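A short worksheet on the structure shown next.
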Amino acid sequence: MFDKVEKFKSELKALEVKTKDELEQFRIKFISKKSVVSELFNDFKNVPNEQKKQFGVALNELKNLAQEKLKEMSSSLERDGSTSENTGTLDLTLPGVANDLGSIHPLTLTKNKIIEIFERMGFNVVDGPEIEDDFYNFTALNFPENHPAREMQDTFFIEKNPDKVLRTHTSNVQIRLMENQKPPFRSIMPGRVYRNEAISARAHCFFHQVEGLYVDKNVGFKDLKQTVYHFAKEMFGKDTKIRFRPSYFPFTEPSAEIDISCFICQGKGCNVCKYTNWVEIAGSGMVDPNVLANCGIDPEEYTGFAFGMGIERIAMLKYQIDDLRLFSENDVRFLRQFQGSF
Ligand code: PHE
């Protein structure tokens, strides 16, 4: 009987398992109710009294050894990952499995490039909320109550009285910035905006803008022109031409729409410029004195310019994309084309 215990002990010590199946065999043989160890315990009654003590000690040692071995072997199987069926040894000479590389979304690439250009001109980046009070989206920006100008931008209202809206432009951040800090300001404010429009190749119910605001003493329209001029050359190349077209916004006076020469067709005429050779990229103007006053800034002392440009527009020009919907469809065949940086 003692011999048997010793034999199992040395068997246990030498034992190694390579698969889950072998581990299970081991468990049945040494741990289960029908194991050799249990059998030996059953034989205990046949052991002469004077040997009972010694036999008991040896048997317990065997039992503990079996349990330790089970723990040790199951954790080592888990470690080398061979617990699943059909696994043999780990073959370290096999080539690894390459992970798919992701790519940066073209709108993010475009936004980052815009930020980089303006940061070099000394602008900082400011953020603001997409869910906005009527006050910041309209009233403080000099949109009179019940004025048709509010309908220029079809608005998603999400709460009534007091009104909460999904911002229709990034101009709300101008107000939030100016009411909290003192001039001078030289900031850009990128973000998503929402308008209640039918979705088509040229319009979407959400898109992205970068707002710009420059307020200081003696800021004039010339500063707006030079800033935009520099931006357009950095963004689209040194031969790019820009044009300011008179326009109207409640929060700027005078106001202008900014067009750039269509470098896709180089003046030959194409779908993107609708055969006009010009593509609109932004609205702009001198900050209306009422807006400055609404934010507690003295319009006699300070003047400023502002602009709001569409990131999608710029990305479409830069990458020659002719359908706005592609940006939000998450088609990897489209997205994978934008590997690397701008
Ligand atoms: N907020 C205007 C728009 O969304 C753009 C704009 C911004 C115009 C700043 C002038 C000054 O159309």
Side-chain angles (χ1 to χ4, degrees), residues 107 111 114 118 123 125-130 132-144 147-156 165-179 185-197 202-216 219-228 231-232 242-260 279-292 294-295 297 299 302-314 324:
L107 290 179
K111 180 187 81 177
I114 296 171
F118 279 102
F123 285 73
V125 179
V126 176
D127 204 10
E130 290 178 22
E132 191 53 289
D133 299 343
D134 174 277
F135 176 77
Y136 291 100
N137 195 77
F138 293 121
T139 308
L141 285 159
N142 204 33
F143 283 81
H147 191 277
R150 288 180 186 242
E151 277 148 39
M152 277 166 65
Q153 310 183 334
D154 296 311
T155 312
F156 285 115
V165 301
L166 294 181
R167 66 175 173 192
T168 57
H169 51 186
T170 41
S171 302
N172 66 323
V173 196
Q174 284 190 37
I175 305 297
R176 291 194 171 266
L177 176 64
M178 287 195 285
E179 73 173 6
F185 299 106
R186 206 193 292 173
S187 303
I188 52 167
M189 305 145 225
R192 182 176 281 187
V193 302
Y194 303 83
R195 292 190 195 171
N196 192 358
E197 297 202 29
R202 297 181 59 87
H204 211 294
C205 58
F206 65 79
F207 54 99
H208 300 79
Q209 291 187 328
V210 175
E211 192 83 5
L213 178 71
Y214 187 9
V215 177
D216 204 347
V219 177
F221 204 91
K222 63 183 190 312
D223 300 304
L224 168 64
K225 281 180 90 171
Q226 189 55 40
T227 305
V228 174
F231 165 76
I242 59 168
R243 162 174 102 166
F244 284 78
R245 222 166 359 94
S247 186
Y248 170 77
F249 298 101
F251 36 93
T252 46
E253 181 59 35
S255 305
E257 229 117 26
I258 302 170
D259 297 341
I260 68 159
V279 184
E280 183 195 321
I281 59 159
S284 69
M286 298 305 294
V287 181
D288 193 289
N290 288 340
V291 174
L292 293 173
N294 286 344
C295 300
I297 295 168
Y302 289 100
T303 50
F305 69 73
F307 58 80
M309 54 181 135
I311 301 184
E312 276 81 354
R313 261 301 157 79
I314 293 175
L324 199 62

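As the structure lists them, so they are numbered: ligands from 1, and atoms in each ligand from 1. Since this is a predicted model, take the numbers as computed values, not measurements.
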| Does any N or O atom in His169 lie less than 3.5 angstrom from one in ligand 1, N or O only? | yes
| said: Please list, in number order, the atoms of ligand 1 under 4.0 Å from a heavy atom of Ser171. | reply: 1 (N), 7 (C)
| message | Quick check on Asp127: does its CG atom have over 12 non-hydrogen neighbours (other residues, nucleotides or ligands) under 6.0 Å away? | response | no
| request: Could you tell me which atoms of ligand 1, counted from 1 in the order shown, lie closer than 4.0 angstrom to a heavy atom of Ala306? | output: 9 (C), 11 (C)
| field | Phe307 neighbourhood, listing ligand 1 atoms whose heavy-atom distance to it stays under 4.0 Å | value | 7 (C), 9 (C), 11 (C)
| field | Where ligand 1 meets Gly283 - atom numbers and elements under 4.0 angstrom, heavy-atom basis | value | 6 (C), 8 (C), 10 (C)
| remark: Smallest heavy-atom separation, Leu107 atom then Ile311 atom, equals O-CG2, 3.8 Å
| task | Name the orientation class of the two ring planes belonging to Phe123 and Phe118 (parallel below 30°, tilted from 30 to 60°, perpendicular beyond 60°). | result | perpendicular
| query | Closest approach of Ala203 and Glu197, non-hydrogen atoms and distance? | reply | CB-OE1, 3.6 Å
| To the nearest 0.1 Å, how far is atom 7 (C) of ligand 1 from its closest protein heavy atom, and which atom is that? | Gly308 N, 3.3 Å
| message | If you compare all heavy atoms of Ala232 against all heavy atoms of Ile242, which two are closest, and at what distance to 0.1 Å? | response | CB-CG2, 3.7 Å
| note | The closest protein heavy-atom partner of atom 2 (C) of ligand 1 is Phe251 CZ, 3.7 Å
| What's the verdict on ring-ring contact (aromatic ring centres under 6.0 Å, His included) for Phe244 and Phe305, showing C-alpha distance, side-chain angles and the deciding distance? | CA-CA 14 Å; Phe244 284 78; Phe305 69 73; 9.9 Å; no
| message | If we count only N and O atoms by modelled type, under 3.5 Å, do the side chains of Asn137 and Glu132 hold a donor and an acceptor together? | response | no
| query | Counting each atom of ligand 1 from 1 as listed, which ones have a heavy atom of Ser284 under 4.0 Å away? | reply | 8 (C), 10 (C), 11 (C)
| note | So the atoms of ligand 1 within less than 4.0 Å of a heavy atom of Arg195 turn out to be 3 (C), 4 (O), 12 (O)
| Proximal ligand 1 atoms for Gln209, defined as those under 4.0 Å from one of its heavy atoms | 3 (C), 4 (O)
